[in-house]
Amino acid sequence: RFRRQTQFIGVPVDINAPQELIHQTLELLKQQVNHEPHCDVVLVTSDEVTFILAQKLRSRDIAGFWPDFSADPNNGHALISEATKLAEIAIRRKLVLFIGAGASLGSGMPLWGGLLNTLAEGVGIDTDDFRWKSLDYLNKAELVEKRMASKGTVLGETIVEMMASSIHSLQHALLACLPVNEIVTTNYDQCIEMASLAVQNEPVSVLPFHPNANSSRWLLKMHGCTSTPDQIVLTRRDYLRYMENNASLAGIVQALLFTSQMLFIGFSLQDDNFHKIADSIRRAVRGNENHKIGITLQLFTNQYNEEMWHDELQFICMEESKGPPDFAKAGRKLEMFLDLVLMKSSSMDTYKVLDPGFSKILSEDEEKLKAILLEFIDSVPEEVRNIQSWNHMKNMLESLGYTF
């Protein structure tokens with residue numbers, strides 16, 4: 001379960017399933033989940049048409065599919081509104097994901113502090129010792145590396161063994177399904193790569209380690225990757241050298257900040273990593289008082305954090321801070337929120353009205369548009385199709401699913 005509040009099961013949908021069957025399946029699953037609150041169901045589709053059809057059907061019943069949000073007139077309704085705004089940014093292809101360690105918890109990966117403690121215990125350090133606890137993350141990593149080196153062990157290779165995983169989390173899958181072309185992460189694991197491959201059926205271009213000019217999506221791994229253990233950034237020395245040797249990567253992030261909206265997922269505002277990233281961004285936007293660093297998704301409200309970061313971050317919080325924090329409950333709510341963002345971006349986005357495979361999900365007005373466009377294509381003379389302006393029109397029609 002990897003710290004989930006509830007179990008979840010996947011229910012596959014046949015690629016040729018008719019609309020009525022998908023609708024009946026959704027209704028049946030909705031009723032079942034409402035009667036069995038300890039289980040979540042993931043509807044698994046294997047083709048784009050079925051996926052969009054299911055999302056359009058769900059969009060007609062927000063209260064039924066997201067009852068926790070609809071029943072809460074305060075934070076729940078606010079989350080629905082924020083999900084709509086994020087979806088609108090995403091379908092304009094202006095959303096950039098910045099993924100932290102929290103997103104990988106669902107696939108069994110440790111958080112930053114947990115990773116260091118496990119490494120420390122492996123070299124004989126008492127992690128309950130107050131002297132260990134008093135060290136910051138970078139000094140802890142430095143100490144662990146020195147002890148490992150004295151025993152002939154390589155830190156990067158040990159991390160690769162710890163972070164090896166053949167699965168990605170539900171959160172990774174939801175993020176990979178969003179209409180985004182740029183992703184940044186400080187994670188070493190390859191979970192988002194696996195999720196993206198499953199969704200797009202093509203490998204993501206991983207910068208700077210495995211660039212692929214033919215990929216429609218790229219992923220910038222700022223602190224290294226398990227595929228290249230010798231380039232993992234963990235110790236203070238690694239960070240100092242990183243800033244010297246990877247200024248171009250930082251430049252990519254800075255450029256994205258000025259042209260897109262950055263969404264931070266899986267970051268704690270107490271995380272030294274986040275503070276370093278925020279500071280580099282802060283310096284990049286200095287002089288532009290109206291430019292925020294981005295939007296951060298947080299599990300709980302924290303009035304002091306929000307006061308401190310008010311001018312730089314927009315907060316979207318899953319739960320009010322009342323009593324002991326229930327991380328599993330808040331984590332599940334974050335999954336539901338991302339699911340809502342994905343549903344809205346899928347049902348609001350422009351899809352391939354000219355692709356015959358999409359015929360079964362077209363509305364009456366979309367059918368009219370399709371007929372007009374097909375009549376237009378047939379009316380274009382061959383000699384006109386040779387001019388440059390037609391190439392622009394051709395590209396637009398192909399993006400709507402037409403095959404010349």
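- Of all the heavy atoms in I167 and S107, the pair that sits closest is O-CB, 3.8 Å.
- The two residues V33 and C39 make their nearest non-hydrogen contact at CG1-O, 3.7 Å.
- Contact record, L299 with F327: CD1-CD2, 3.9 Å, taken as the closest heavy-atom pair.
- With sequence neighbours excluded, no residue forms a salt bridge (Lys or Arg N to Asp or Glu O under 4.0 Å) with R92.
- Inter-residue side-chain proximity for W112 and K140 is flagged as unmet; no heavy-atom pair is nearer than 4.5 Å.
- Here E202 does not pair with R217 in a salt bridge; the nearest charged N to carboxylate O distance is not below 4.0 Å.
- Put simply, the side chain of S346 never gets that close to the backbone of Q55: no donor and acceptor are under 3.5 Å apart.
- Identified under the side chain to side chain donor-acceptor pair (under 3.5 Å) test for residues 59-77, with sequence neighbours left out: K30-D61.
- With respect to the salt-bridge test (charged N to carboxylate O, under 4.0 angstrom), the residues R58 and D339 qualify.
- Side chain of S169 to main chain of A103: a donor-acceptor pair is present (N/O by atom type, distance under 3.5 Å, no hydrogens or angles).
- Geometrically, K221 does not engage Y188 in a cation-pi contact, judged by NZ or CZ lying under 6.0 Å from the ring centre and within 45° of the ring axis.
- For F358, the ring pair (Phe, Tyr, Trp, His ring centres under 6.0 Å) partners two or more places apart in sequence, or in a different chain, are Y351.
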